[in-house]
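Taking it in order: structure first as structure tokens, then the write-up.
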Amino acid sequence: MLTMKDIVREGDPVLRNMAEEVELPPTEEEIATLHEMLTFLKNSQDEEIAEKYELRAGVGLAAPQIGLPKRMIAVHFQDFDEKEYSYGLFNPKIISHSVAKTYLTGGEGCLSVDREVPGYVPRYNKITVKATDLNKNEVKLKLKGYAAIVFQHEIDHLNGVMFYDHISQEDPFLIPDNTVACDE
Ligand code: NB4
Ligand code: NI
């Protein structure tokens, strides 16, 4: 099983490089790895397992964070309407997005960043993502608010972007125009 020792931390170049497209259909090994990434998230949200294996809780994980420079992400969370999102995705791509933006009022963190970085991380409020799922089906997901934020954080990792790259250096708590708050 994946534990925190398998999570690459900032400073490692794999977190700053573009990850490679996964040739489809994915190999059995790539599918197994993506299942492991999803299981890590489920374990990290289980109090007993998380305590036993000292896992930091996560709602998303990208393959570069386990040292694998491939375009694969896992997400496992409920949004505020209690809608469950639990996916392993290959080659996720944002095919359209709103002009309006949003941000988590509590800021963001990252399993690859062992420090607090205060500030708002403005992201698109609505996005449409196209990808291939663990059953090799093409999926198209329309996401907004919290769900859109989680997917953008993960897809950023595939492009070598860290959450704090979006935080204004001048004023970390600057709220750009046309931006709505996303309260956790
Ligand atoms: C990715 C998220 C940071 C902001 C918002 C949140 C947690 C992460 C990073 C957007 C995406 C990991 C991947 C949480 C968490 C809420 C739901 C359910 C019960 C505990 C869990 C805690 F753990 N971020 N951690 N950070 N990243 N919410 N929740 N709760 O997931 O670096 O690239 O279990
Ligand atoms: Ni992250």
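Worth saying up front: this structure is predicted, and the values here are computed from it rather than measured. Read the numbers this way: they start at 1 and go in the same order the structure lists the ligands and their atoms.
Other residues, nucleotides and ligands place no more than 12 heavy atoms under 6.0 Å from the CD atom of Glu47. Atom CD of Glu20 has 12 or fewer neighbouring heavy atoms from other residues, nucleotides or ligands inside a 6.0 Å radius.
Within ligand 1, the atoms closer than 4.0 Å to a non-hydrogen atom of Cys110 are 32 (O), numbered from 1 in the order shown. Numbered from 1 in the order shown, with element, the atoms of ligand 1 that lie under 4.0 Å from a heavy atom of Gly109 read 3 (C), 9 (C). Heavy-atom contacts of Gly60 reach the following atoms of ligand 1: 12 (C), 13 (C), 27 (N), 31 (O) (cutoff under 4.0 Å).
In terms of modelled atom types and a separation under 3.5 Å, the side chain of Arg16 and the main chain of Gly160 share a donor-acceptor contact. Distance alone, capped at 3.5 Å, is enough to place a donor-acceptor pair between the Thr179 side chain and the Asp177 backbone. Checking side-chain atoms of Arg56 against main-chain N and O of Cys110 turns up a donor-acceptor pair under 3.5 Å.
The distance criterion of under 3.5 Å between nitrogen or oxygen atoms is met by His157 with respect to ligand 1. Of the polar atoms of Val59, at least one N or O is found under 3.5 Å from an N or O of ligand 1, judged by distance alone. Here's the thing with Glu154: one of its N/O atoms is less than 3.5 angstrom from an N/O atom of ligand 1. In terms of N/O distances under 3.5 Å, ligand 1 is not approached by Glu108. Considering backbone and side-chain N/O of Ile149, none are found under 3.5 Å from N/O of ligand 1. By the 3.5 Å distance cut-off applied to N or O atoms, Leu111 is counted among the residues near ligand 1.
Taking a cutoff of 4.0 Å between a charged side-chain nitrogen and a carboxylate oxygen, Lys52 and Asp46 do not qualify as a salt bridge.
Rounded to 10 degrees, the NE2-metal-SG angle spanning His157 and Cys110 at the Ni ion (ligand 2) equals 100°.
At a heavy-atom distance under 4.0 Å, atoms from both the backbone and the side chain of Gln45 approach ligand 1.
Considering only heavy atoms from C-beta on, Leu34 stays 4.5 Å or farther from Leu38 through its side chain.
The residue among Phe163, Tyr146, Phe77 with a heavy atom at the shortest distance from atom 6 (C) of ligand 1 is Tyr146.
The residue from Val14, Asp12, Leu61, Ile7 that alone fulfils the side chain to side chain contact (heavy atoms under 4.5 Å, CB included) condition with Ser112 is Ile7.
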